[in-house]
Number of protein chains: 2
Amino acid sequence: MGIIERKEREKERRKDEIVEAARRVFFEKGLVTATMDEIAEAAELSKATLYLHFPSKEDLYLAVAMGGLRALHGKFQEIIEHEPSIVRALHRMKEAYMEFFRTQRQYVQMFSFLQMSQFHKQVSDHMRSTCDSENDKHWEAIIGLLRRGVEQKIIRDDIDPTEMAIVLWTNASSLMLRADNEHDMWKRRRNIDLRKTMETSFRMTIDAILTPAARLEYQALLHAEHAAVHQS
Amino acid sequence: MGIIERKEREKERRKDEIVEAARRVFFEKGLVTATMDEIAEAAELSKATLYLHFPSKEDLYLAVAMGGLRALHGKFQEIIEHEPSIVRALHRMKEAYMEFFRTQRQYVQMFSFLQMSQFHKQVSDHMRSTCDSENDKHWEAIIGLLRRGVEQKIIRDDIDPTEMAIVLWTNASSLMLRADNEHDMWKRRRNIDLRKTMETSFRMTIDAILTPAARLEYQALLHAEHAAVHQS
DNA sequence: CTACCTAATGACTTCTAGTCAGACAATGGA
DNA sequence: TCCATTGTCTGACTAGAAGTCATTAGGTAG
């Protein structure tokens, strides 16, 4: 009869509206300072209605974070599917990663929250498993790419693709978080640019896992880009 | 007259008692779930008394975390001062680091909290600057060691000691946090031991920053240790 | 027109961080 | 010995926000 489906759709849309309102409020105030009343006001709904759709503030926060993760994952997927060169794909994923957080800084803290299990006091099992499967997709994509790299002899065969995916992603995230919090402090006190430190760290890791031939390709790529930047 | 000094001492001791009680409660329940009433009970004081000594729950939490950081820093300092070989010092610091968090897992989340600025809603300026100077000491120690490494041609001279200190510490911390949260998940789903991943990541980074001669020393050290473990 | 179902809400409860006026205890002087 | 002072401590309180629920409103089917 179609009415049920329409209601389903409307319910989903309502949920999305709430998440979008929550995103705005959380972006501005962060998890702790933002209140459900403020989010309700931003969504032009009553607080009780929010609780019809999300069982807790933390669930709502995670829904916002998952939206961000999906967006970033989409960019990665796009690169993985369309870039034939694995070396270039890794490089472009790093660029996309930097760009994503440069333009949407607030996701840095949100993604880090996923790791802070002691703050997950009220997260529902349903949301937990949603996060889980979303995360799994993300890991699968990166691990798959590295695995292909090993098969194609781009990446050394004594490297475990899964381990290396964890190392790359975890290191990038944590340096990004530090940059988000302490960028000015390091610049001021010790004249360190944490953005550059991230680049250094990434480059070092990639250098360490590539086969000699691939390393040459990577260095040529960096060199070309360097030249291009200095030309413009 | 000595009485003032005695009062000072008693006040300090009282503060320490509160921190110790808080540590027990925070270790058991984490920042969010633990309540000031519980901590007051554990300290055998009223809640109002806690607030005479610490202006907020977060301040108290950070005081506990700083106690942990001081303890770890002490172990590092000990190694730095007494171990003449920089390669061995780095290795022993890694061991001390792993051991510290193996025996006191709860500090993993606590240290990570330092980076989650969005949760610092009520931290006093005084505590902020205490953390700051405590952190600074810690960084100075690691950076100093790496700088000596460069001077002694143990570490490659194109490495910036400050940058590398940040990379080493940040990467270790973030993998430790992931291991704390997701160890079982990775073991179960993909048969990955995150402890080993941490070792791999550390070894790779050290390998990448040492000069060729020092790298031989490092590999010999790992080899000897490996043999010793297999013998016992 | 009525019965029903779902979405929505205002008013409510509960919990906990943080406050404050006043009790209590130790010191020091008369 | 007694009083004044100072600093420590606490029970009872307030404020604010998460989460709940009985009730209302609006659309749908018979």
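The chains referred to below are lettered A, B, ... by the order of the sequence lines, with proteins before strands, and numbering in each begins at 1. Basis for what follows: all heavy atoms, side chains included, without hydrogens, waters or symmetry-related copies.
Between A/Glu10 atom CD and D/dG26 atom P there is a gap of 15 Å when expressed in whole angstrom units. Distance A/Arg14 CZ to C/dT9 C1': 13 Å, rounded to the nearest Å. When rounded to the nearest whole Å, the span between CG of B/Leu50 and P of D/dT8 equals 15 Å. One can place CD1 of A/Ile39 at 11 Å from C1' of D/dA18, the figure rounded to the nearest angstrom. Between A/Arg13 atom CZ and C/dA8 atom P there is a gap of 11 Å when expressed in whole angstrom units. Taking atom CZ of A/Phe54 as the reference point, atom C1' of D/dT20 lies 18 Å away to the nearest angstrom. The CG-P distance, from A/Leu52 to D/dT24, rounds to 17 Å in whole Å.
Using a 4.0 Å cut-off, some side-chain N or O of B/Ser46 falls inside it from OP1 or OP2 of D/dT10. For A/His53 and C/dA8, the shortest distance from a side-chain N or O to OP1 or OP2 is below 4.0 Å.
Side-chain atoms of A/His73 never come within 3.5 Å of backbone atoms of A/Leu69 as a donor-acceptor pair (strictly under, hydrogens ignored).
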Could you list the donor-acceptor pairs under 3.5 angstrom formed between side-chain atoms of residues 96-103 of chain B and any protein atom two or more places apart in sequence or on another chain?
| from | atom 1 | to | atom 2 | distance (Å) |
| --- | --- | --- | --- | --- |
| B/Tyr97 | OH | B/Ser173 | N | 3.2 |
| B/Glu99 | OE1 | B/Arg102 | NE | 3.2 |
| B/Glu99 | OE1 | B/Arg102 | NH2 | 3.2 |
| B/Glu99 | OE2 | B/Arg102 | NH2 | 3.1 |
| B/Thr103 | OG1 | B/Glu99 | O | 3.0 |
| B/Thr103 | OG1 | B/Phe100 | O | 3.1 |

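Using a 4.0 Å heavy-atom criterion, one finds that B/Leu45 contacts the sugar-phosphate atoms exclusively.
With a 6.0 Å cutoff to the six-membered ring centre and a 45° limit on the axis angle, A/Arg24 does not count as a cation-pi contact of A/Phe27.
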Measure all distances between protein nitrogen or oxygen atoms and nitrogen or oxygen atoms of nucleotides 15-19 of chain C, and list the pairs falling under 3.5 Å.
| from | atom 1 | to | atom 2 | distance (Å) |
| --- | --- | --- | --- | --- |
| C/dA17 | OP1 | B/Lys57 | NZ | 2.9 |
| C/dA17 | OP2 | B/Met36 | N | 2.9 |
| C/dA17 | N7 | B/Lys47 | NZ | 3.0 |
| C/dG18 | OP2 | B/Tyr51 | OH | 3.0 |
| C/dG18 | OP2 | B/Lys57 | N | 3.0 |
| C/dG18 | N7 | B/Lys47 | NZ | 3.0 |
| C/dG18 | O6 | B/Lys47 | NZ | 2.9 |

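Taking B/Glu81 as the reference, nothing meets the salt bridge (Lys or Arg N to Asp or Glu O under 4.0 Å) condition, with sequence neighbours excluded. Every residue was checked against the side-chain hydrogen bond (donor to acceptor under 3.5 Å, both in side chains) condition with A/Arg195, not counting sequence neighbours, and none meets it. For the salt bridge (Lys or Arg N to Asp or Glu O under 4.0 Å) test, residues two or more places apart in sequence or in another chain that qualify with A/Glu182 are A/Arg178. Residues forming a salt bridge (Lys or Arg N to Asp or Glu O under 4.0 Å) with B/Asp132 (at least two apart in sequence, or on another chain): A/Arg189.
Proximity note for B/Lys11 (side chain, C-beta onward) versus C/dA7, D/dT10, D/dT8: the nearest is D/dT8.
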